[in-house]
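These notes are about the structure you will find just below.
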Amino acid sequence: MRQATSTRLQGLHLVPFTLYLPPLSLQLMSKKVRVRFAPSPTGGLHLGGVRTVLYNYLFAKKHGGDFILRIEDTDQTRYVPGAEEYIFNCLKWTGLEPDESPQHGGEYGPYRQSERKADYRQYAEQLVKDGHAYYAFDTPEDLEKMRTDFKTDHNPSPQYDHSIRMKMRNSLNLTAGEVKQLLDAGTKHDIRIKMPENETVSFTDMIRSEVSFETSLVDDKVLLKADGMPTYHLAVVVDDYLMKITHAFRGEEWLPSAPVHVLLWKYLFGLENMPQWAHLPLILGPNGKLSKRDGAKYGFPVFAMSWTDPKTAELTEGFKEKGFLPEAFINLLALLGWNDGTEQEIFTKEELIEKFSIERVHSGGAKFDYEKGKWFNHEWIKRSAIQNLKYEVRKLFAEKGITDTNDALMDKIIGLVKDRCTLLTDFYDQSVFFFKTPEQYDLNAVKPKWNETKQLFFAEVIRNFELSNDWNAQTLENNFKEIASINQIKPGDVLLPLRVMLVGGKFGPGVFDIAEVIGRDETIIRITKALSAFNAG
RNA sequence: GGCCCGUUCGUCUAAGGGUUAGGACACCACCCUUUCACGGUGGUGAUACGAGUUCGAAUCUCGUACGGGCUACCA
């Protein structure tokens, strides 16, 4: 793998010239980096998709290139309204916005494959003319029959390949006249690639170096469907060419069909123009490739943002709604399969752009660990400036009915509780007591040791607080401890009860900080109210 | 079944032939804190197996096992 590094880098012209000086012609031809993310708008955008976006984006920005978003909507049967806009929202939230897209425009449009439909057939026809593809008139039923007829224990899923194609209805074994007749009659047909029988197709993947395939083992993939739309295989090659894509990153699940793409490049546009490939390792769930189901089953988000299936109305919660900061989300995704070789784990987007390199992407799949994911978010919340959290926290409060939030109060509260919040949504539980008098108390924490001495002590605290003319945490603490000392009570014995009085439970920031924020009246009200609860029962 | 990819603590990973195999999450203990956290210190814990190459292998080669992906007129 190390040896392949120099090979990979040559294409990027990053090898120091002391080691490798590319020919002048190559240097002059050095193209602007252009990468693309090409989702099909069929539903929620999951972790793996966002990571692919991230790696594309980082690579583009690092090399001063362009990041393009292309919508692969060639399957009309899978059209899902709203999915495209949803993808844009996700990119916007994560801050990984494309330079060119259906919405941003650009010079290489259209950026929706359905809008380029007419272009694809000419390339497919060209392939037929050159003998690299053929018309196939098989109906779905014919194909189904083929699969059952040729199915054996030895070969459970027969493919439409060189061993089968001469037994099917296609332009390879029909006469030219028959084919013309069928075509003229407007017979439904598709176009398949004719895989060579004895070739080895290999290419250099930026992550796994040399990968090779025997063409006789690859099936004759459909290139153009009967409805005139291209399949992914044709579209990805044509579009990458037309959009001048220089580097193509996609999930490892595409590796088996890579030889088809390489061959199409060879036949259509020349291998020298083919983008450099990088097949990204898969993000795994507890059982294989991470799926939406895993999220539901194990209780963690899988999609970037919440997605509601328009057909079933089923809602799948996203990382955003779960309480993740986009910075943390990006950070955790970046580290899932990549690291910079140091022990640094927290990276800003700018640092990632600076340090990212596709060669350091791991080749093995990575199991997603939600606990570690939450750790990243916690780190980001702790390190975030109060200003960066205020908008989201205030929104959360508003959703819960807390609207009396002025800036000074928010600053104070966020500063006090942010270290204790792993998710943005934790801010509610961690600060609700600033706004609401506790309804219930953790009596177990107080009752066993509750006695008359303490009761009298708090009565005195109330009197003292009523007269205190300097309402701040430090003064309150001093007074409180002084009263305790006079009554020969250890401060520790009354601190916890005070906390439960103000908060309701054993958690939260310093008690006197809380008292300072909620103010004199509310503090006294809470102590008084709690006193009767403690004394009762 | 076939093809392809992969395999270092439970998880994410570092280590470019020579390290007591390093870090992080999680877990445990202790310290700090008279709350909960934060923070600090320490601990448990890994090179899948077998051959080969080499003075020396986590690292290179081969085999085996295991895991994953693909095997649609879906992407």
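Chain identifiers are assigned alphabetically (A, B, ...) following the order of the sequence lines, protein sequences preceding nucleic acid strands; residue numbering begins at 1 within each chain. All values reported here derive from a predicted model rather than from experimental measurement.
- Across B/A48 and B/U13, the matching P atoms stand 15 Å from one another, rounded to whole Å.
- Counting any heavy atom pair closer than 4.0 Å across all strands shown, A/Pro509 reaches a base atom.
- At whole-Å resolution of the value, CD in A/Glu359 and P in B/G16 are 17 Å apart.
- Look at CG on A/Asp340: it is 14 Å from C1' on B/G22, rounded to the nearest Å.
- A/Lys374 comes within contact range of no nucleotide atom at all, as no heavy-atom separation falls under 4.0 Å.
- Under a 4.0 Å N-O distance rule, the pair A/Lys372/A/Asp369 does not qualify as a salt bridge.
- Across the protein-nucleic acid pair, A/Asn377 atom CG and B/A24 atom P stand 20 Å apart, rounded to whole Å.
- Ring geometry for A/Phe368 against A/Phe319 counts as perpendicular: the plane angle is over 60°, on a 0 to 90° scale with 30° as the lower cut.
- Not counting sequence neighbours, the partners of A/Val302 by the side chain to side chain contact (heavy atoms under 4.5 Å, CB included) test are A/His46, A/Leu290, A/Phe300.
- Between the C1' atom of B/G6 and the CG atom of A/Leu255 lies a distance of 11 Å, rounded to the nearest Å.
- Only A/Asp419, A/Arg420, listed by number, bring a heavy atom of residues 412-422 of chain A to less than 4.0 angstrom from any atom of RNA chain B.
- The CG atom of A/Leu335 sits 18 Å away from the P atom of B/U11 (whole-angstrom rounding).
- Atom pair A/Asp426:CG and B/C36:P shows a separation of 17 Å (rounding to whole Å applied).
- Residue contacts shown for A/His279 are absent, as no nucleic acid heavy atom lies under 4.0 Å away.
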Dump the pairs, protein N or O against N or O of nucleotides 25-34 of chain B, anything under 3.5 Å, distances to one decimal.
residue : atom : partner  : partner atom : Å
B/C25   : OP1  : A/Trp375 : NE1          : 3.4
B/C25   : O2'  : A/Lys372 : N            : 3.4
B/U34   : N3   : A/Gly492 : N            : 3.4
B/U34   : O4   : A/Gly492 : N            : 3.3

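- The neighbour count for A/Lys194 NZ, taken as heavy atoms of other residues, nucleotides or ligands under 6.0 Å away, does not exceed 12.
- The nearest whole Å value for the distance from the CD1 atom in A/Ile346 to the P atom in B/G23 is 18 Å.
- For the side-chain contact (heavy atoms from CB on, under 4.5 Å) test with A/His261, the passing option among A/Leu234, A/Val201, A/Val236 is A/Val236; the others fail.
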Practice task
Tell me, with the steps shown, if A/Asp239 and A/Tyr120 meet side-chain hydrogen bond (donor to acceptor under 3.5 Å, both in side chains).
Solution key: CA-CA 9 Å; A/Asp239 283 6; A/Tyr120 301 110; 2.9 Å; yes
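- Within 6.0 Å of CD in A/Gln440 there are 12 or fewer heavy atoms belonging to other residues, nucleotides or ligands.
- Between B/G52 and B/U11, the distance separating the two P atoms is 30 Å to the nearest Å.
- As judged by a 4.0 angstrom heavy-atom cut-off over every strand, A/Gly510 is placed among the base-contacting residues.
- Nucleic acid contact for A/Val494: none, since no nucleic acid atom lies under 4.0 Å from a heavy atom of the residue.
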Practice task
Go through A/Thr200 and A/Glu214 one step at a time and tell me if the side-chain hydrogen bond (donor to acceptor under 3.5 Å, both in side chains) criterion holds.
Solution key: CA-CA 5 Å; A/Thr200 301; A/Glu214 291 304 319; 3.1 Å; yes
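- Take A/Asp411 and apply the salt bridge (Lys or Arg N to Asp or Glu O under 4.0 Å) test, not counting sequence neighbours, and it matches A/Lys390.
- In this structure, the CD atom of A/Glu210 is 13 Å from the P atom of B/C4, given to the nearest Å.
- A salt bridge links A/Arg36 with A/Asp240: at least one charged nitrogen is closer than 4.0 Å to a carboxylate oxygen.
- Shown here are the salt bridge (Lys or Arg N to Asp or Glu O under 4.0 Å) partners of A/Lys297, two or more places apart in sequence or in another chain: there are none.
- OP1 and OP2 of B/U13 both lie 4.0 Å or more from every side-chain N or O belonging to A/Asn339.
- Residue contacts shown for A/Phe376 are absent, as no nucleic acid heavy atom lies under 4.0 Å away.
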Problem - Base-contact (B) and sugar-phosphate-only (S) positions in nucleotides 68-75 of chain B, heavy-atom cut-off under 4.0 Å, - elsewhere - result: SBSBSBBB
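- When side chains are defined from C-beta on, A/Val262 counts as touching A/Trp277, because their heavy atoms get closer than 4.5 Å.
- Remark: A/Glu85 CD is loosely packed, at most 12 non-hydrogen atoms of other residues, nucleotides or ligands lying under 6.0 Å away.
- Using atom C1' as the reference point in both B/C38 and B/C31, the two lie 14 Å apart (nearest Å).
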